[in-house]
Protein chains: 2
Amino acid sequence: MSQQRHESTPGNPGAAAAFPDLPEATIARLPEYLRALHNLEGSDTISSEALAAAAGVNSAKLRKDLSHLGSYGTRGVGYDVALLIEQIEYILGLDQRRAVCLVGVGNLGHALAGYDGFASRGFRIVALFDADPARIGEQISGLTVRHIDDLARVAAEESIAIGVIATPAGAAQAVADQLVTAGVTSILNFAPCVLSVPAGVDVRKVDLAIELQILSFHEHRKASLTALPGGRAPTGNQEAVGS
Amino acid sequence: MSQQRHESTPGNPGAAAAFPDLPEATIARLPEYLRALHNLEGSDTISSEALAAAAGVNSAKLRKDLSHLGSYGTRGVGYDVALLIEQIEYILGLDQRRAVCLVGVGNLGHALAGYDGFASRGFRIVALFDADPARIGEQISGLTVRHIDDLARVAAEESIAIGVIATPAGAAQAVADQLVTAGVTSILNFAPCVLSVPAGVDVRKVDLAIELQILSFHEHRKASLTALPGGRAPTGNQEAVGS
DNA sequence: CGCGATTTGTGCACGCCTTCACAAGCGCCT
DNA sequence: AGGCGCTTGTGAAGGCGTGCACAAATCGCG
């Protein structure tokens with residue numbers, strides 16, 4: 001897919017030693033490994049074959065990914081589950097339980113605010129914002145919706161570095177600008193539009209409709225293949241987003 | 001990230017002519033081009049440079065992508081907006097307004113059921129299912145929540161080929177099995193787990209927490225770089241999921 | 001009609017990622 | 001202590017995707 005880094009990655013040998021720059025593809029898989037590992041707690045060690053199966057990837061790929069983190073496996077035995085969890089969580093910075101704010105408590109934002117998958121995997125949603133005066137003050141999952149103009153103040157107080165945009169597309173760029181001004185340096189964008197941000201700010205985009213459209217393409221292709229003389233039903237895919 | 005096709009792609013020259021097999025990376029970008037094009041309706045033609053900017057990609061990449069569909073541009077002029085929209089929608093199979101069902105109307109499923117981005121981009125959510133008896137009969141966005149056991153019957157009646165799973169992880173595999181049995185051949189999975197499906201069924205996964213974890217990694221990296229002597233603030237990323 | 005400006009379509013080279021295959025290392029059992 | 005089986009870690013090859021740079025083609029204008 002289409003992950004890319006526009007990073008210049010300047011030569012920085014000191015930093016490289018302290019913080020190995022992992023391939024982007026590897027980083028995208030680490031959370032998957034972590035989830036699989038958490039399901040395996042109780043086991044002491046696990047082989048690359050078993051962990052790869054649990055994470056839905058090739059075992060060679062898994063070993064290469066983990067080798068980039070250092071050697072946390074024992075030949076003939078496997079990987080130490082607890083140690084590996086600790087290492088991956090450290091690399092991903094999850095041990096800090098980062099503060100996250102969410103802007104836009106409409107249909108989707110409402111659900112995200114209550115999504116317990118964030119809390120259970122290393123994040124704290126600490127503030128909700130919206131521009132609609134009618135929504136200010138509303139209580140959602142123990143948080144009070146605040147006005148977007150309070151963003152800068154609250155972000156500073158709570159040391160918020162990550163922001164989630166769940167507004168309509170039309171408002172997203174303005175919100176992104178406000179987030180950047182407030183010191184946020186990572187943005188997860190659910191609005192279907194391209195955001196323009198200064199260097200040093202990371203943006204990841206999730207577009208729910210795009211995923212369906214990709215599936216629709218494969219449906220269309222499957223249908224046109226089976227409809228043709230000599231056409232064969234294709235074998236299945238298992239794809240993951242994010243990467 | 002980690003998009004991959006486990007497709008065997010058998011030699012099928014007849015089908016290849018009728019339905020060119022596009023690179024997976026290209027397919028993942030087509031929806032993005034389509035969205036940008038819809039924002040440009042009113043213009044007659046558009047250059048690859050302008051469209052690429054609107055879609056957030058490189059212009060050479062855009063031209064190469066579109067060239068895979070055939071020649072719908074005119075040198076010296078640009079691409080015909082209306083024609084390109086029509087072509088991309090055809091390739092993606094969106095002109096059929098595919099029926100989609102959603103299983104799991106909890107926190108996230110509720111939001112997805114009401115998400116208008118699906119309807120506005122070529123899909124019809126025609127049925128909602130849940131296993132919880134307390135939820136059966138509930139009205140959401142004009143649809144009635146039905147029991148999961150009705151899935152096979154409804155799927156056949158409505159010709160549903162795409163299913164969305166928004167259940168807890170523990171229930172996802174069982175739901176996937178039921179979807180497959182009901183004839184669904186494409187699944188969009190929001191549950192944080194790996195699904196096992198037979199050949200011929202496509203699965204795409206969206207894990208909201210994973211996206212945050214990837215951002216967290218970059219935050220961690222940025223922090224460790226700036227803290228080091230000689231460390232430099234890195235330049236910004238703009239990444240897209242999906243592909 | 002011819003020329004220049006503009007934009008598409010693409011050959012090519014480079015780099016990243018994946019996958020295979022195997023050497024190196026570890027533990028257990030005798 | 002030695003050997004055997006198992007698993008990790010990695011070298012190398014191949015494939016895919018990206019982006020540059022340019023040739024080919026079209027339009028408009030004089």
Side-chain angles (χ1 to χ4, degrees), chain A residues 1-9 20-30 32-33 43-81 83-84 87 237-240 242-243, chain B residues 1-9 20-30 32-33 43-81 83-84 87 237-240 242-243:
Chain A
M1 213 115 211
S2 60
Q3 302 290 22
Q4 54 198 113
R5 295 187 55 185
H6 303 160
E7 190 97 3
S8 49
T9 312
D21 53 354
L22 308 169
E24 196 67 26
T26 295
I27 297 160
R29 283 188 294 266
L30 288 183
E32 199 70 45
Y33 302 155
S43 305
D44 210 20
T45 63
I46 187 169
S47 71
S48 65
E49 199 74 40
L51 182 54
V57 302
N58 185 296
S59 69
K61 198 189 300 190
L62 176 108
R63 287 198 298 276
K64 186 149 287 187
D65 283 342
L66 295 187
S67 76
H68 287 131
L69 312 184
S71 280
Y72 298 108
T74 306
R75 297 175 193 228
V77 178
Y79 295 92
D80 182 295
V81 173
L83 180 60
L84 203 50
Q87 279 302 316
N237 289 351
Q238 174 107 10
E239 317 196 2
S243 64
Chain B
M1 127 175 193
S2 66
Q3 300 290 21
Q4 55 197 111
R5 295 185 56 185
H6 303 160
E7 189 97 3
S8 49
T9 313
D21 54 355
L22 309 170
E24 196 66 28
T26 295
I27 296 161
R29 282 187 293 265
L30 288 182
E32 200 71 45
Y33 302 154
S43 304
D44 209 21
T45 63
I46 186 168
S47 72
S48 65
E49 199 74 41
L51 182 54
V57 302
N58 184 296
S59 69
K61 198 188 301 190
L62 175 105
R63 288 197 299 275
K64 186 152 289 187
D65 284 342
L66 294 187
S67 75
H68 287 131
L69 311 185
S71 280
Y72 297 108
T74 306
R75 299 177 191 225
V77 178
Y79 296 93
D80 182 295
V81 173
L83 179 60
L84 203 49
Q87 278 303 317
N237 289 352
Q238 174 107 8
E239 316 198 1
S243 342

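A note on names: the letters A, B, ... follow the listed sequences, proteins ahead of strands, and every chain is numbered from 1. All values derive from a computational prediction rather than experimental measurement.
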Atom pairs and distances, donor-acceptor, side-chain atoms in residues 71-80 of chain A, under 3.5 Å, two or more places apart:
unit_1, atom_1, unit_2, atom_2, d
Tyr72(A), OH, Gln87(A), OE1, 2.9
Asp80(A), OD1, Ala82(A), N, 3.2
Asp80(A), OD1, Leu83(A), N, 2.8

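When all heavy atoms of Ala55(A) and Glu32(A) are compared, the closest pair comes out as O-CG, 3.6 Å. Smallest separation of non-hydrogen atoms from Ala52(A) and Ser59(A): CB-CA, 3.5 Å.
Proximity of Ser48(A) to the phosphate of dT8(D): a side-chain N or O atom is located under 4.0 Å from OP1 or OP2. Contact annotation: Tyr72(A) side-chain N/O to dT7(D) OP1/OP2 distance is not under 4.0 Å. Between Asn58(A) and dC20(C) there is a side-chain N or O to OP1 or OP2 distance below 4.0 Å. Contact check, Ser71(B) against dG9(C): a side-chain N or O comes under 4.0 Å of OP1 or OP2.
Overall bending of the helix from dC1(C)-dG30(D) to dT30(C)-dA1(D), expressed as the angle between end axes built from five pairs apiece, is 0° (10° steps).
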Indicate for each nucleotide in nucleotides 23-30 of chain C, in 5' to 3' sequence, whether protein heavy atoms under 4.0 Å reach the base (B), only the sugar-phosphate (S), or nothing (-). BBBBS---
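Atoms NZ (Lys61(B)) and C1' (dC16(D)) sit 13 Å apart, rounded to a whole Å. For the pair His68(A) NE2 and dG9(D) P, the computed distance is 12 Å after rounding to whole Å. We find that CD1 of Ile46(A) is positioned 12 Å from P of dT7(D), with the value rounded to whole Å. When the P atom of dG9(C) is taken as reference, atom CD of Glu49(B) falls 14 Å away, rounded to whole Å. With rounding to whole Å, Asp80(A) atom CG is found 14 Å from dT8(D) atom C1'. Atom-to-atom, CZ of Arg63(B) to P of dT18(D) comes out at 14 Å; the value is rounded to the nearest Å. Spacing between atom CG of Leu62(A) and atom P of dG9(D) amounts to 10 Å, rounded to whole angstrom units. One atom, CZ of Arg29(A), and another, C1' of dC17(C), lie 8 Å apart when rounded to the nearest Å.
Summarising the geometry, atom CG belonging to Leu30(B) is positioned 7.5 Å from atom CG belonging to Leu66(B); distances are rounded to the nearest 0.5 Å. Here the straight-line distance linking atom NZ of Lys64(A) with atom CZ of Arg29(A) works out to 11.0 Å at 0.5 Å rounding. The CD1 atom of Ile46(A) lies 5.0 Å from the CG atom of Leu51(A); values are rounded to the nearest 0.5 Å. To the nearest 0.5 Å, the span separating CG on Leu84(A) from CG on Leu69(A) amounts to 7.0 Å.
Listed by chain and residue number, nothing satisfies the side-chain hydrogen bond (donor to acceptor under 3.5 Å, both in side chains) test with Thr45(B) (two or more places apart in sequence, or in another chain). The side chain to side chain contact (heavy atoms under 4.5 Å, CB included) check on Ala54(B) picks up Ala36(B), with sequence neighbours excluded. For Ser47(B), there are no side-chain hydrogen bond (donor to acceptor under 3.5 Å, both in side chains) partners, not counting sequence neighbours. Residues forming a side chain to side chain contact (heavy atoms under 4.5 Å, CB included) with Asn58(B) (at least two apart in sequence, or on another chain): Ala60(B), Lys61(B). Annotation: side-chain hydrogen bond (donor to acceptor under 3.5 Å, both in side chains) contacts of Ser48(A) (sequence neighbours excluded): Arg63(A).
Among the atoms of the strands shown, none is found under 4.0 Å from any heavy atom of Thr26(B).
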Would you list the protein and nucleotides 11-14 of chain D atom pairs, both N or O, that sit under 3.5 Å from each other?
unit_1, atom_1, unit_2, atom_2, d
dG11(D), O6, Lys64(A), NZ, 3.2
dA12(D), N6, Lys64(A), NZ, 3.1

